[in-house]
Visitor: 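Please see the structure below; I have some questions.
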Amino acid sequence: MLMKKVGFYPGSFDPVTFGHLDIISRAAKLFDRLVVGVGIHHGKQALLNDETRISLLKSVIADLKIDESEIEVVTFDDLTVSAARSHGAQAIVRGLRDATDFDYEMQMFGTNHKMADDIDTIFLPASIETRFLAAKFVRQIAKMGGDITPFVPRIVADTIK
Ligand code: ADP
């Protein structure tokens with residue numbers, strides 16, 4: 001029997017940006033099923049509450065109209081490797097923008113691999129159009145009343161407004 005390839009893409013998605021969507025649509029082409037995991041960190045100061053982050057993600061993913069893969073949005077509050085495994089994923093997907101991401105992601109990969117060597121990590125390089133994009137800047141701009149429409153889908157900008 002052919003095993004379905006499942007990827008687990010974790011993040012805070014606070015809010016989901018065009019950078020995340022770029023990774024999601026490219027990762028969807030590599031896996032039969034892509035599980036997007038919204039990390040729930042109790043006590044962490046977020047711009048959007050969990051429910052809003054999840055419903056926005058679902059809505060903008062539906063708008064991508066991707067047919068080649070099943071994409072599912074889930075929440076998790078346990079270790080990334082545990083969440084990946086419980087969803088049947090063989091690999092964690094992460095985006096790499098720059099050397100700062102690289103250093104952090106390599107450490108995380110090393111740590112995760114020690115804990116769970118059955119789960120691999122796949123890095124996708126950020127696309128040229130979105131590699132400067134970071135959710136933390138979008139949060140700052142939004143808090144200061146700036147225009148975030150260059151960075152996020154319309155529905156996200158409207159919801160934050
Ligand atoms: P951020 O790092 O923007 O605050 P997250 O913590 O939700 O967002 O990140 C989840 C994953 O998405 C990470 O692997 C991160 O490197 C990746 N990512 C975030 N923004 C981009 C982007 N603009 N291009 C490519 N990958 C990105």
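Read the numbers this way: they start at 1 and go in the same order the structure lists the ligands and their atoms. As the structure is a prediction and not an experimental result, all values here were calculated from the model. Positions are given from 1, in the same order as the sequence printed here.
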Visitor: Between Lys4 and Glu70, is the closest basic N to carboxylate O distance under 4.0 Å?
Guide: yes
Visitor: Tell me if the CZ atom of Phe132 is crowded by more than 12 foreign heavy atoms within 6.0 Å.
Guide: yes
Visitor: With a 4.5 Å heavy-atom cut-off, do Phe76 and Ile40 have their side chains touching?
Guide: no
Visitor: Are the charged groups of Arg85 and Asp118 less than 4.0 angstrom apart, N to O?
Guide: yes
Visitor: Below 3.5 Å only, please: the N or O atoms of ligand 1 paired with protein N or O atoms, distance on each line.
Guide:
unit_1	atom_1	unit_2	atom_2	d
ligand 1	2 (O)	Arg97	NH2	2.9
ligand 1	3 (O)	Arg97	NH1	3.3
ligand 1	3 (O)	Ala135	N	2.9
ligand 1	6 (O)	Ser12	OG	3.4
ligand 1	7 (O)	Ser12	N	2.9
ligand 1	7 (O)	Phe13	N	3.1
ligand 1	7 (O)	His20	NE2	3.2
ligand 1	8 (O)	His20	NE2	3.1
ligand 1	12 (O)	Tyr9	OH	2.7
ligand 1	14 (O)	Arg94	NE	3.2
ligand 1	14 (O)	Gly95	N	3.0
ligand 1	16 (O)	Gly95	O	2.6
ligand 1	20 (N)	Arg97	NH1	3.2
ligand 1	23 (N)	Thr130	O	2.8
ligand 1	23 (N)	Leu133	O	2.9

Visitor: Is it true that Lys161 and Asp158 make a salt bridge, defined as a side-chain N closer than 4.0 Å to a carboxylate O?
Guide: no
Visitor: Show me the donor-acceptor pairs, under 3.5 Å and distance only, between side chains in residues 31-39 and residues at least two apart or in other chains.
Guide:
unit_1	atom_1	unit_2	atom_2	d
Asp32	OD2	Lys5	N	2.6
Arg33	NH1	Glu72	OE1	2.6
Arg33	NH2	His87	O	3.0

